[in-house]
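Values reported hereafter were calculated over all heavy atoms of this structure, with side chains retained and with hydrogens, waters and symmetry mates removed. Throughout, protein chains are lettered first and strands after them, A, B, ... in sequence-line order, and every chain is numbered starting at 1.
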There are 2 protein chains.
Amino acid sequence: MKNPIADLNKIFDSRIRLGVMSILVVNDEIGFNDLKQMLELTDGNLASHLNTLEQAEFIKVHKGFIGRKTSTTYAITALGKQAFKAHLDALEKMIKKL
Amino acid sequence: MKNPIADLNKIFDSRIRLGVMSILVVNDEIGFNDLKQMLELTDGNLASHLNTLEQAEFIKVHKGFIGRKTSTTYAITALGKQAFKAHLDALEKMIKKL
DNA sequence: AAAAGTGCTTTGTTTTTCAAAGTTAAATAA
DNA sequence: TTATTTAACTTTGAAAAACAAAGCACTTTT
């Protein structure tokens, strides 16, 4: 039998990063605070997970303004979409034996 | 919006424990070594994850014999089946927006 | 002017992961 | 019968990851 977990992406082992991605898949752009509230996280915790996803180029950051107030938003990249989908496929394959 | 990761079970954040469960769902009984080979793990690593799953009462251990040689097998419990299913449902709900 | 919000970074602790080595007991090979 | 091997661990210790809390620069609200 083939190793069933080999195709899972390590980056998505984390529930938080999984949550971020699942939100970004359906929201073109989302703000730091919205994510923070949705996922019920502290600033530091969220920021570091976002950082990990950004390093992997699975998300991109957009720093803009609402009026003259800064507003940071996050969006999924093409690579991110692809990697997330691949991960979900791997998960599905793993459990479709059910 | 409701926190999409709240219903994910922390125990299944680990790819390895996820892998063990997915194997146990389709195999009534499986040996330590088989798991080790399927998941490509060291003894210690596998043993500790199995321990975590056992603590949670998601799997049960059966120590028996093949002839007079010890043989340890693992099986999923009813609770484990339920928890795993709930986790997968939560995952599915999270991403079914796709 | 003071308080509060945004989006971080930094710091430090706790938790988790993992490999490697040691262990006990039995099986098999020499 | 002695030596080696295999099974299934446990223990040890190091590295990585998760996380909360505090600090910070800047801005808006009161």
Spacing between His62(B) atom NE2 and dA7(D) atom P, to the nearest angstrom: 18 Å
Out of dA19(C), dT10(D), dC8(C), whichever nucleotide has its closest atom nearest the side chain of Thr42(B): dA19(C)
Looking at Lys63(B), I'd like to know whether one of its side-chain N or O atoms comes within less than 4.0 Å of OP1 or OP2 on dC9(D). yes
OP1 or OP2 of dA17(D) under 4.0 Å from side-chain N/O of His49(A): no
By nearest atom, which of the nucleotides dA18(D), dC8(C), dA8(D) is closest to the Thr72(A) side chain? dC8(C)
Is Ile16(A) touching bases, backbone alone, or none of the nucleic acid, heavy atoms closer than 4.0 Å? sugar-phosphate
If we only count heavy atoms from C-beta on, is the Met94(B) to Leu18(A) side-chain gap below 4.5 Å? yes
For Leu39(A) and dA18(D), what is the distance between atoms CG and P respectively, to the nearest whole Å? 14 Å
Whole-Å gap separating P (dA8(D)) and CD1 (Ile59(B)): 13 Å
Counting the atoms with a prime plus P, OP1 and OP2 as sugar-phosphate, which does Ser14(B) contact under 4.0 Å by heavy atoms, base, sugar-phosphate, or nothing? sugar-phosphate
When you match Lys10(A) and Lys36(A) each to their closest nucleotide on DNA chain C, which lands nearer the 5' end? Lys36(A)
Measure CZ/Phe12(A) against P/dA17(D) and give the value in whole Å, please. 15 Å
Ring geometry between Phe84(A) and Phe12(A) (parallel below 30°, tilted from 30 to 60°, perpendicular above 60°): perpendicular
When you measure from the side chain of Arg17(A) to the backbone N and O of Thr52(A), does any donor-acceptor pair fall under 3.5 Å? no
Of the options dG7(C), dA19(C), dT17(C), whose atoms approach the side-chain atoms of Phe32(A) most closely? dG7(C)
Sugar-phosphate only, base, or nothing, as touched by Arg15(A) at under 4.0 Å among non-hydrogen atoms: nothing
Thr72(A) side chain near His62(A) side chain, heavy-atom distance below 4.5 Å: no
Using atom CD1 of Ile11(B) as one end and atom P of dT15(C) as the other, report the distance to the nearest whole Å. 15 Å
Asn45(B) side chain near dA19(C) phosphate (N/O to OP1/OP2, under 4.0 Å): yes
I need the CD-C1' distance between Glu54(A) and dT9(C), as an integer number of Å. 14 Å
So if I take every side-chain heavy atom of Asp43(B) and compare against dA18(D), dC19(D), dA8(D), which nucleotide ends up nearest? dA8(D)
Should the pair Lys85(A)-Asp89(A) be classified as a salt bridge under the 4.0 Å nitrogen-to-oxygen rule? yes
At under 4.0 Å between heavy atoms, what does Asn33(B) touch on the DNA or RNA strands: base, sugar-phosphate, or nothing? sugar-phosphate
Taking OH from Tyr74(B) and C1' from dA8(D), how many angstroms apart are they, rounded to a whole number? 7 Å
Over how many whole Å does the gap from Asn51(A) atom CG to dC19(D) atom P extend? 15 Å
